[in-house]
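I have placed the structure first, in the form of structure tokens, so that the comments after it can refer back to it.
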Amino acid sequence: CLCPSSAGNAPVFSAHPSVSGCMFTCCHGNRGGASTPAISAGSLESGALVTISRVADGEPVSVFLDPACPDLSQDFLRLEALHSSLLHALTNHNADDHRNGGAVQKLGDDLKALSGHAHNLRLAADSLKRGQGALDQRMDRLQNEQSRIIQVLSDSHSGILKLAESCSDSLLGLKRETESLGRLKSELSRNIAQTGQPVSAAVQPRDCSDVLASGVSVDGVYSVFPTHDPEGFMVYCDMSTDGGGWTVIQRREDGSMNFFRGWEAYRDGFGSTTGEHWLGLQRIYSLTRSGGYELRIDMADFDNATAFAHYSDFSVGRDSVNPEEDGYPLTVDGYSGTAGDSLLKHSGMRFTTKDRDQDQSENNCAAYYQGAWWYRNCHTSNLNGQYLRGGHASYADGVEWSSWTGWQYSLRFTEMKIRPRRPES
Ligand SMILES: [Ca+2]
């Protein structure tokens, strides 16, 4: 038996001729490995009957069986040893399998434990789900309750707002009433101071100043009930000029109304209170016979210039027992204004119309100057004259206010208005 030569790279195994009868060669002493040996019939060249090759490292191990050698005891011993070694290896291998089996068993146990745990978790999840359902129901109930409370609060809030609004309106109304009562009180005080007797102004307005005192401050037509004409009549109230409260007694503005009229027309009045008109001597008397009235005359020409004349005292028939029979004499005093005075010379004169001559002229001034007025020996003013529209060639027969525009200019607009004299006047 020869071991591979250490000198050559390619090991050589061969039969040893000197060993006859039995030969078994192994040369794998220091070559480890446990790969499965391959057994084959020996080749003719090697002379071996059986060759066992280990192919793990490509180096065959050859076993030679000499058929002429019957004594194989040593060889069997070695084979048994080899067999034992193989068994031992197999045992170790089975032991590994056993250990693996134990691990699988342990994994199975763990899996069971995990399944149980998952079951418990599922039960817990179901319980939680049921709990959540109950919580959802309670949340719904709470939300419904909250909505109801919000609605109640909203209703209460709007109710309180309405109540506050109503209170505010009531307070405003009371304030207006208080102001109106204050004005009426001061008016009554003024009347008492002026006339020495209380007047029931709060019930029915005597004139436009009472209408104004009652809280109405819009220009327009109102009913008035003078103390001496309790049945009353309609007048136009100027609530704008110089504090308002003026009762209009004459207006010229467009020539639409014929002013060249007789006594009865001037006694009773004519025209429309909203347009050109004469209130009437009897009504002017009713308003002013108690005295204490002031007169204002507003004027305008055809160039849009304006002027006014104010008299702090004005009345008609003040001292007359029978004013018509007395001719509605004029009392006027206390001029101020921008138009100049053209009326004071007429104070004390009776009223003359074309059909009732009560002037101091040998003629009828009304007929002569185409108007109706408190003529003396005729006039310095002729506000009821013809509507001649500005400058005219004829003399003093238009709507004249001589101190402002002379005797040959007929005014575009005139408005005579009266009101009770105020304490400071
Ligand atoms: Ca005369």
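Just so you know, ligand 1 is whichever comes first in the structure, and atom 1 is the first atom listed for that ligand. FYI, the numbering just counts along the sequence from 1.
Atom OD1 is the N, O or S atom of Asp359 at the shortest distance from the Ca ion (ligand 1).
Note: angle at the Ca ion (ligand 1), from OD2 of Asp357 to O of Ser361, is 140° (rounded to 10 degrees).
At a cut-off of 3.5 Å, with distance as the only test, a side-chain donor of Ser381 or Trp373 sits close to an acceptor on the other residue.
Using a distance-only test at 3.5 Å, with no hydrogens or angles considered, no donor-acceptor pair links the side chain of Thr247 to the main chain of Asp207.
The aromatic rings of His379 and Tyr369 lie perpendicular to each other, with more than 60° between the two planes, well past the 30° mark.
Residue Glu179 places its CD atom among more than 12 non-hydrogen atoms of other residues, nucleotides or ligands, all under 6.0 Å distant.
The Ca ion (ligand 1) has an N, O or S atom of Asn363 closer than 3.0 Å.
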